[in-house]
Amino acid sequence: PAQLQRMARLASLLLVVASVTEGFRLAPTPGAVRTVRQQSVASPPTEELVAASIRSDNTLDPKVLASSAEFERKPYARVFGIAYVTLMCCGIAADAVPSFIRLVLLQYLAFSAFEYSFHRWLMHATRGTWRDRIFARWNRLHLQHHLDTRPDMTMEEDYNYKGIRFNFLTSQLSVLIGSLISIAVCSLFSLDLPLWPTPIAAALVSLYHGVLWNRLHVDSHSLEETIAWTDGLPYVDGVPTGNPYARWLLTNHIGHHAVGGKGNYNIVFPGPDHVAGTFFRLKKT
């Protein structure tokens, strides 16, 4: 019973988040499913475009996909999002799952929610609002990144590399914020989890997030052979990207630029876009 109560509380919190973000609807309202980035010529069918975008090593060629891709809101995205996150909540609330695994799952949700919230409401803050004034440094840098990105996802010659990589300071702040969120959730929902491993779980998730983010974001803009930095986790060649999941994440970020920054805010840890109804998929043809 105690586990069920904790799961019910976590699920309730999730529903509240969904309702606050855009108004909870299980399905999009009429006309909400729409095509974005209309092309002057007819785009090839989705299956053909995706097949043409996959290189011989099974990695995705972002330039090929972005040049003709069209995106639309995914119908019933919230159903998938709530089911996905609820399963995560069940794992966090289950006493049968080892404590450290539960802490890692909790950190995943914390990082995912933080990445979405910071990207959507602060990095895309309306100019002149309090969010823009407080977080102007990140907002200006990110908006410039969008201006520097061409329709095929390549960058203008004078682009600012700081809009591409995830730096050490952000990774360190993520560990702190993730730990605080984890402690707050454990206290709020009476989760019997030890506090001392929390920073370790947060650091592991931050390391995974930073390495994958710096690899995928660089690849999505076709900069892997030209960019380097010393103020963040390095670009790691060994990260496997020739798999369906990596190709999906890259496609997801291409969609973020294709829809003008109106969706697909999570680059590494998906979930909140589905819950909030801001997930755009490749248009089905």
Where do [X] and [Y] come nearest, in terms of heavy atoms and distance?
X	Y	result
Ser182	Leu103	OG-CD2, 3.9 Å
Cys186	Leu106	SG-CD2, 3.9 Å
Arg73	Thr278	NH1-CA, 3.9 Å
Phe168	Thr230	CE1-O, 3.7 Å
Asp152	Thr154	OD1-OG1, 2.6 Å
Ala110	Ile181	CB-CG2, 3.7 Å

Measure from the side-chain N and O atoms of [X] to the backbone N and O of [Y], and report whether any donor-acceptor pair falls under 3.5 Å.
X	Y	result
Asn266	Ser112	yes
Asp273	Asn264	yes
Glu115	Tyr265	no
Asn243	Tyr245	yes
Thr86	Ile82	yes
Arg78	Ala276	yes
Arg215	Val236	yes
Glu156	Arg150	no
Ser68	Val64	no
Ser117	Ala113	yes

Looking at [atom1] of [X] and [atom2] of [Y], how far apart are the two atoms once the value is rounded to the nearest 0.5 Å?
X	Y	atom1	atom2	result
Leu180	Phe114	CG	CZ	11.0 Å
Leu233	Asn214	CG	CG	6.0 Å
Thr241	Glu224	OG1	CD	9.0 Å
Asn252	Ile267	CG	CD1	8.5 Å
Thr59	Arg247	OG1	CZ	8.5 Å
Ser206	Leu173	OG	CG	9.5 Å

Are any of the side-chain heavy atoms of [X] and [Y] separated by less than 4.5 Å?
X	Y	value
Val218	Arg165	no
Phe280	Lys74	no
Leu109	Phe269	no

Discussion item. Could you walk me through whether Trp138 and Leu122 satisfy the side chain to side chain contact (heavy atoms under 4.5 Å, CB included) test, starting with their C-alpha distance in whole Å, then the side-chain angles of each, then the deciding distance to 0.1 Å, before giving a yes or no?
Written reply: CA-CA 8 Å; Trp138 291 273; Leu122 302 182; over 6 Å; no
Item to complete: State whether the number of non-hydrogen atoms from other residues, nucleotides or ligands found under 6.0 Å of Phe80 atom CZ is greater than 12.
Response: no
Discussion item. Under the ring-ring contact (aromatic ring centres under 6.0 Å, His included) test against His217, which residue among His253, His256, His257 passes?
Written reply: His253
Check for me, please, whether [X] and [Y] land in the same ILVMFWY cluster - side-chain distances under 4.5 Å, paths through other members count.
X	Y	result
Ile177	Tyr208	yes
Val175	Ile183	no
Tyr84	Val275	yes
Met153	Met123	yes

Worksheet item: Run the side chain to side chain contact (heavy atoms under 4.5 Å, CB included) check on Thr149 and Met155 step by step: do they pass?
Response: CA-CA 5 Å; Thr149 302; Met155 305 300 296; 3.5 Å; yes
Fill in: Cationic N near anionic O, under 4.0 Å, Arg55 to Asp61
yes
Fill in: salt_bridge(Arg102, Asp95) N-O dist < 4.0 Å
yes
Practice prompt. Could you check Ile227, Asp219, Leu223 and say which one makes a side-chain contact (heavy atoms from CB on, under 4.5 Å) with Tyr235?
Written response: Asp219
Practice prompt. Would you tell me whether Asp132 and Thr129 have side-chain atoms, one donor and one acceptor, within less than 3.5 Å of each other?
Written response: no
Discussion item. Parallel, tilted or perpendicular: which one describes the rings of His274 and Phe279, with boundaries at 30° and 60°?
Written reply: parallel
Item to complete: Output, in order, the C-alpha distance, side-chain angles, deciding distance and verdict of side chain to side chain contact (heavy atoms under 4.5 Å, CB included) for Phe166 and His209.
Response: CA-CA 9 Å; Phe166 210 74; His209 177 274; 3.6 Å; yes
Practice prompt. Determine whether the aromatic ring centres of Trp121 and Tyr116 lie less than 6.0 Å apart.
Written response: yes
Item to complete: Given side chain to side chain contact (heavy atoms under 4.5 Å, CB included), test His119 with His142 step by step and report yes or no.
Response: CA-CA 9 Å; His119 191 176; His142 190 65; 2.9 Å; yes
